[in-house]
2 protein chains.
Amino acid sequence: MRLIIARCVVHYTGRLSAHLPEGLRLIMVKADGCVSVHSDVGAYKPLNWMNAPNNITVSDDVWEISNPKGELLRIELKEIVSDADFEFDRHPGLQKDGVEAHLQELLADSPQALGEGFKLIRREHPTQVGPVDLLCTDAQGNSVAVEVKRRGEIDSVEQLSRYLEFMKDDPQLKSVRGMLVAQEIRPQAKELAKKRGIDWLIVDYDELRGMEPSKPRLF
Amino acid sequence: MRLIIARCVVHYTGRLSAHLPEGLRLIMVKADGCVSVHSDVGAYKPLNWMNAPNNITVSDDVWEISNPKGELLRIELKEIVSDADFEFDRHPGLQKDGVEAHLQELLADSPQALGEGFKLIRREHPTQVGPVDLLCTDAQGNSVAVEVKRRGEIDSVEQLSRYLEFMKDDPQLKSVRGMLVAQEIRPQAKELAKKRGIDWLIVDYDELRGMEPSKPRLF
DNA sequence: TGGTGGATTTCGATC
DNA sequence: GATCGAAGTCCACCA
């Protein structure tokens, strides 16, 4: 990884045009050819960037980074304050816990959290327009298509609506209804769900993790 | 901006849990207290990060960065390869050109670009599920709900469909129809629009910029 | 290779 | 502070 602190002017043309007037910034060049320009504010987003694969040409104090999509990043170096290169070992992967997949897993283990008498029929139930997260039956034995999200938004309701549109034609299923389950649901998503006759439920991740599974797990 | 190259172990707990085993990485600490951890791959995303505002406590070789939302980033420094600090001037802003807001503005100025006899009723017309970008009338005086996008995709059609779903219940509006306007529209979005009876129109940004406004602007 | 859906999305505007 | 939509979103997965 090469780290350059330099006074520079930056231009990007591609999906839009963006221009940075002269100023002191960090230019980061990674082992895979990625280039990013950082200011001294904001942890996440660089001011400008070019993801790999890139073609980098350097002539005098002008860098031109281009990619096959026709995007171009042009960096004019006015004054270099620092220039350092470091050799990194291959990065060991990042381990994550608590994302949607895990939430779905917990609910599959404890379908009673969705409602009394709920039973899991199967996970990732296929439809013509994609898999439904959880297919359950309620206490009355009617089918319930469950869409699991970390955060429920309007798109989640749309997605579930599409599934239901197709599932209602499935003679195997008995009067299927939809349920959006998330740790948090936006008001507009609730509005739309209501209009579409879709139930919604807020669940607590930590609470779920502490629940007794309806069936003991194998590990 | 402080740049540390170090062999380190990182843990994040907050919206989820994430763990990085020991490895050589870049730790970036910005003037506003933002902290990010970068590997040598990928321009855009840090492996871990904490956006401002943060509380940073350092004891020996362990950094603990916490924020008011209860998130915690813990960095255990095993070996420091490099540690450098730089003073940046205040960042001059990034200028962007060609984004959706600007496109909407141009179309509001020149509604005739949408069709002969088109007139603007208002921008950001509210519905229960969000505001419609432009509400116009066509030459016949019928309402047209216009969704403006840089790039029209399936979601854009879904979004416009939702608006229409609610607008059709509005007695104020006369036989409202929808129109998707973008610099580029995906084939699948055109398909879906056609199926939904929604018109679509490709507009040229530079051409629009050169158009005579239907009403002169005040600046 | 293109489409789809998730993300510690982030970011900005608006209420 | 909450909410909502855009983003040069990025990214992984899968057909």
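Below, read A as the first sequence line, B as the second, and so on, with proteins coming before strands; counting in each chain starts at 1.
- Other residues, nucleotides and ligands contribute more than 12 heavy atoms inside 6.0 Å of the CH2 atom of B:Trp63.
- At the heavy-atom level, A:Ile154 lies nowhere under 4.0 Å from the strands shown.
- Following rounding to the nearest Å, A:Leu47 (CG) and D:dT9 (P) show an atom-to-atom distance of 17 Å.
- The phosphate of D:dA6 (OP1 or OP2) has a side-chain N or O of B:Lys149 nearer than 4.0 angstrom.
- Comparing C:dT8, D:dC4, C:dG5 by their nearest atom to the side chain of A:Gln159 picks out C:dG5.
- Side-chain atoms of A:Asn48 and base atoms of D:dG8 include a donor and an acceptor less than 3.5 Å apart.
- For D:dA6, neither phosphate oxygen OP1 nor OP2 lies less than 4.0 angstrom from any side-chain nitrogen or oxygen of A:Arg15.
- Annotation: C:dC11 and D:dC11 have their P atoms spaced 15 Å apart (nearest Å).
- Within 4.0 Å (heavy atoms only), A:Pro187 reaches sugar-phosphate atoms of the nucleic acid but no base atom.
- Inspection of the A:His102 and A:Tyr205 side chains reveals an N or O donor paired with an N or O acceptor under 3.5 Å.
- Residue whose closest nucleotide on DNA chain C sits further toward the 5' end, between A:Tyr44 and B:Glu153: B:Glu153.
- When the C1' atom is used for both C:dT10 and C:dG6, the distance is 14 Å, rounded to whole Å.
- Of the candidates D:dT9, C:dT8, C:dT9, C:dT8 carries the atom nearest the B:Tyr12 side chain, counting heavy atoms from C-beta on.
- Of the side-chain N and O atoms in B:Lys96, one or more sit less than 4.0 angstrom from OP1 or OP2 of D:dG8.
- Between B:Lys45 and A:Val129, it is A:Val129 whose nearest contact on DNA chain C lies nearer the 5' terminus.
- Checking D:dC4, D:dA7, C:dT9 against the side-chain heavy atoms of A:Arg151 singles out C:dT9 as nearest.
- In terms of phosphate contacts, B:Arg162 brings no side-chain nitrogen or oxygen within less than 4.0 Å of OP1 or OP2 of D:dG5.
- The side chain to side chain donor-acceptor pair (under 3.5 Å) pairs that include a residue from residues 42-51 of chain B number zero, where partners must be two or more places apart or lie in different chains.
- Comparing C:dT8, D:dG5, D:dG8 by their nearest atom to the side chain of B:Tyr163 picks out D:dG5.
- The P atoms of D:dG8 and C:dG5 are separated by 22 Å, rounded to the nearest whole Å.
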